[in-house]
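These notes concern the structure reproduced below.
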Amino acid sequence: MDTSASTIAAATAPNGINGTVNGHTHKEKVTIVGSGNWGSAIASIAAKNTLRHSKQFDPEVIMWIFEEDYEGKPLSQVINETHENPRYLPGIHLGDNVIAQPNMEEALKDATALIFVLPHQFLRGVLKQLKGKVNENARAVSLIKGVDVQGHMIKTFPALISEELGISCSSLSGANIANEVAQEKFSESTLGVPAPEGFTDDVNHLPDAMLWKPLFDTKTFRINVVPDVEGVGLCGALKNIVAVAAGFVDGLDWGSNAKAAIMRIGMNEVKDFCLEYFPTTQAATFLEESCGIADIITSSLGGRNRQVAEAMVKRGKTFHELEPEMLKGQKLQGPQTALDVHEFLLTKGTKRPNGYPLFEAVWKICYEDAKPETLIDNL
Ligand SMILES: NC(=O)c1ccc[n+]([C@@H]2O[C@H](COP(=O)([O-])OP(=O)(O)OC[C@H]3O[C@@H](n4cnc5c(N)ncnc54)[C@H](O)[C@@H]3O)[C@@H](O)[C@H]2O)c1
Ligand SMILES: O=P(O)(O)OC[C@H](O)CO
């Protein structure tokens with residue numbers, strides 16, 4: 001199937017509505033694949049916007065849930081009764097139009113707008129279940145922060161989703177700590193959409209921008225569109241390694257200068273890694289957008305990766321021990337991404353003089369018991 005932006009443009013009405021059959025307008029039907037901390041926050045935004053843009057979207061937002069028990073009841077039942085996800089996003093009303101659905105086939109029925117928002121280690125398993133069950137006119141967006149590494153092959157998740165499901169996939173990433181976004185505190189995010197080569201028109205008019213921007217953009221969650229799906233996806237993945245390093249700095253009480261230095265060095269490694277292995281990515285995505293520099297800052301100041309890394313140093317425990325204890329079912333992405341990147345670099349090699357010493361130091365501290373103080377040895 002041809003999933004290029006121009007082909008999709010031809011099949012999509014100019015207002016972004018998913019076409020017409022027998023004179024009837026088809027409304028986009030939204031399914032969220034994932035229901036954790038960010039998945040639930042984004043469900044609350046999508047639920048408001050499907051109502052706000054009722055000509056474009058069916059009001060109901062289906063949220064596929066990896067079923068589990070919550071205080072003696074299935075979590076999906078609790079969510080559908082209370083319209084809240086007390087396990088992963090307590091205190092936030094998701095919207096009466098959000099329906100939790102543990103059955104994947106049911107969740108996908110008629111879906112035309114698929115939002116992928118899972119901890120990255122679970123995506124391949126979920127894609128296996130989805131194969132052959134997705135509508136061919138569906139489009140996807142990945143909110144997942146991680147990379148897929150198989151030996152010397154590295155892929156972003158939008159690319160993997162597109163490849164596995166044969167549909168177009170965009171990428172949404174930014175300085176977006178879920179709890180703050182859900183509380184409607186001001187933040188920005190970057191939407192990377194597919195664009196035909198040489199496209200110079202307004203990116204907001206690209207078909208996938210016209211689908212996703214109205215679904216996510218609010219007064220307090222501002223979406224900026226760029227024609228760089230890979231760059232947006234990679235920034236979100238790699239900044240998690242930098243955030244772990246920033247957490248080590250906090251654990252060591254090295255202070256603000258050291259934290260700023262680690263963020264600067266980390267930003268350069270993110271940028272160089274993207275340009276070395278994904279030459280179509282654009283430097284402006286890292287340097288000017290929320291998904292780049294801004295996400296490194298927020299994650300190094302306030303994220304879960306930072307928090308657990310600080311505790312690794314202060315309490316002398318591994319992240320394997322601390323993750324369940326501190327995050328209660330939420331998942332870290334930084335250590336696993338450091339391992340993925342390490343394994344990729346090992347087989348692929350690099351042309352960067354001195355390699356990627358910050359990424360490698362984080363891997364060594366997380367997986368090889370290296371002392372946190374060794375973080376700066378090769379910088
Ligand atoms: N939380 C944030 O602040 C935030 C913000 C932006 C982006 N992200 C990114 O979004 C993605 C999802 O993060 P999140 O915060 O929604 O998740 P989370 O960290 O809250 O993880 C918990 C989720 O994982 C699910 N899960 C557990 N085992 C599973 C399995 N075997 N198969 C499928 N699902 C399983 C749980 O059901 C739950 O929904 C991550 O890549 C993360 O980096 C998170
Ligand atoms: O809490 P973290 O470290 O997973 O980071 C959350 C978001 O990615 C911040 O943008």
Side-chain angles (χ1 to χ4, degrees), residues 32-45 63-70 74-76 79 85-90 92 100 102 104 107 115-130 141-148 156-158 161 171-183 185 187-190 216 221 232-233 235-247 250 289-310 319 323-324 326-338 340:
I32 302 177
V33 181
S35 53
N37 188 231
W38 187 222
S40 302
I42 218 70
S44 72
I45 290 176
M63 185 168 78
W64 173 75
I65 177 164
F66 181 76
E67 191 67 283
E68 61 184 283
D69 178 85
Y70 181 79
L75 181 58
S76 58
I79 293 173
N85 186 343
R87 177 113 166 87
Y88 294 110
L89 190 65
I92 299 294
M104 183 71 87
I115 304 171
F116 285 89
V117 53
L118 297 156
H120 81 271
Q121 47 272 52
F122 304 129
L123 182 70
R124 270 196 174 266
V126 165
L127 285 176
K128 258 191 205 148
Q129 295 180 55
L130 291 180
V141 62
S142 169
L143 279 56
I144 300 168
K145 293 183 175 177
V147 281
D148 182 72
T156 62
F157 286 118
I161 291 166
S171 187
L172 183 78
S173 186
N176 300 144
I177 292 191
N179 295 338
E180 295 176 20
V181 174
Q183 289 162 29
K185 294 178 177 170
S187 69
E188 299 179 301
S189 202
T190 315
F216 296 128
F221 187 60
V232 172
C235 283
L238 299 172
K239 68 83 192 175
N240 281 329
I241 311 178
V242 184
V244 172
D250 286 341
E289 297 299 327
S290 176
C291 64
I293 184 73
D295 201 6
I296 288 189
I297 294 172
T298 203
S299 301
S300 300
L301 298 179
R304 300 168 296 185
N305 286 289
R306 188 219 63 81
Q307 194 190 353
V308 172
E310 179 184 26
F319 76 87
E323 185 183 58
M326 294 177 71
L327 301 185
K328 305 195 169 12
Q330 293 183 36
K331 300 287 175 194
L332 287 177
Q333 306 283 262
Q336 177 65 44
T337 305
D340 292 336

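All values reported here derive from a predicted model rather than from experimental measurement. Index from 1, following the sequence. Note that these values count all heavy atoms, side chains included, but never hydrogens, waters or copies made by symmetry. Note that ligands are numbered from 1 as they come in the structure, with each ligand's atoms numbered from 1 the same way.
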[X] vs [Y] side-chain heavy atoms within contact, under 4.5 Å:
X: Val244; Y: Phe319; value: no
X: Gln336; Y: Asn240; value: no
X: Leu130; Y: Phe116; value: yes
X: Pro335; Y: Asn305; value: yes
X: Lys145; Y: Lys239; value: yes
X: Leu172; Y: Val117; value: no
X: Ile79; Y: Tyr70; value: no
X: Leu75; Y: Pro86; value: yes

To the closest 0.5 Å, what do you measure between [atom1] ([X]) and [atom2] ([Y])?
X: Asp148; Y: His120; atom1: CG; atom2: NE2; answer: 8.5 Å
X: Ile42; Y: Ile45; atom1: CD1; atom2: CD1; answer: 4.5 Å
X: Ile177; Y: Lys185; atom1: CD1; atom2: NZ; answer: 10.5 Å
X: Ser299; Y: Gln307; atom1: OG; atom2: CD; answer: 12.5 Å
X: Gln330; Y: Leu89; atom1: CD; atom2: CG; answer: 8.5 Å
X: Gln333; Y: Ile241; atom1: CD; atom2: CD1; answer: 11.5 Å

Notebook entry, point to check: Under 30°, 30 to 60°, or over 60°: which ring-plane class applies to Phe66 and Phe122, parallel, tilted or perpendicular?
Noted result: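 Answer is parallel, since the angle falls under 30°.
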Just to confirm my output: which protein heavy-atom neighbour is closest to [atom], and how far is it?
atom: atom 3 (O) of ligand 2; answer: Asn305 ND2, 2.8 Å
atom: atom 21 (O) of ligand 1; answer: Pro119 CG, 3.3 Å
atom: atom 36 (C) of ligand 1; answer: Tyr88 OH, 3.6 Å
atom: atom 2 (P) of ligand 2; answer: Arg304 N, 3.4 Å
atom: atom 5 (C) of ligand 1; answer: Asn176 O, 2.9 Å
atom: atom 19 (O) of ligand 1; answer: Lys331 N, 2.8 Å
atom: atom 5 (O) of ligand 2; answer: Lys239 NZ, 3.3 Å
atom: atom 37 (O) of ligand 1; answer: Phe66 CB, 3.4 Å
atom: atom 1 (N) of ligand 1; answer: Asn37 OD1, 2.9 Å
atom: atom 11 (C) of ligand 1; answer: Leu118 O, 3.4 Å
atom: atom 9 (C) of ligand 1; answer: Leu143 O, 3.7 Å

Practice prompt. Answer with yes or no whether Ala243 contacts ligand 2, where contact means a heavy atom under 4.0 Å from a ligand atom.
Written response: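 Outside the 4.0 Å threshold, so no.
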I'd like to check whether [X] has a polar contact with ligand 1, where a contact means an N/O of the residue lying under 3.5 Å from an N/O of the ligand.
X: Phe122; value: no
X: His120; value: no
X: Gly36; value: yes
X: Trp38; value: yes
X: Gln330; value: no
X: Gln333; value: yes

Could you list which atoms of ligand 1 come closer than 4.0 Å to a heavy atom of [X]?
X: Gly39; answer: 16 (O)
X: Ala178; answer: 1 (N), 2 (C), 3 (O)
X: Ile144; answer: 41 (O)
X: Glu68; answer: 37 (O)
X: Ile177; answer: 3 (O)
X: Gly329; answer: 21 (O), 22 (C)

(message) Please list, in number order, the atoms of ligand 2 under 4.0 Å from a heavy atom of Asn176.
(response)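 Once the distances to Asn176 are compared, the set is 7 (C), 9 (C), 10 (O).
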Under 4.0 Å from a heavy atom of Gly303: which atoms of ligand 2 are those, numbered in the order shown and with their elements?
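Those atoms are 1 (O), 3 (O).
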- prompt: Is Arg306 close to ligand 2, meaning an N/O of one under 3.5 Å from an N/O of the other?
  reply: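 No.
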Taking distance alone, with N or O pairs closer than 3.5 Å, would you say Gly174 contacts ligand 2?
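Yes: some nitrogen or oxygen of Gly174 is under 3.5 Å from one in ligand 2.
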- Could you tell me whether ligand 1 has any atom less than 4.0 Å away from a heavy atom of Ser35?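 Yes, Ser35 has a heavy atom closer than 4.0 Å to ligand 1.
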Check each heavy atom of [X] against ligand 2 and say whether those closer than 4.0 Å belong to the side chain, the backbone, both or neither.
X: Asp295; answer: side chain
X: Lys145; answer: side chain
X: Gln333; answer: neither

Between Arg306 (side chain only) and Thr298 (backbone N and O only), is there a donor and an acceptor less than 3.5 Å apart?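 A pair under 3.5 Å: no.
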At their closest point, which heavy atom of Ser142 faces which heavy atom of Ile161, and how far apart are they?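 Taking Ser142 first and Ile161 second, the nearest heavy atoms are CB-CD1, 3.9 Å.
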List the residues meeting side-chain hydrogen bond (donor to acceptor under 3.5 Å, both in side chains) with Glu323, not counting sequence neighbours, and say none if there are none.
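For Glu323, no residue satisfies side-chain hydrogen bond (donor to acceptor under 3.5 Å, both in side chains) once neighbours in sequence are set aside.
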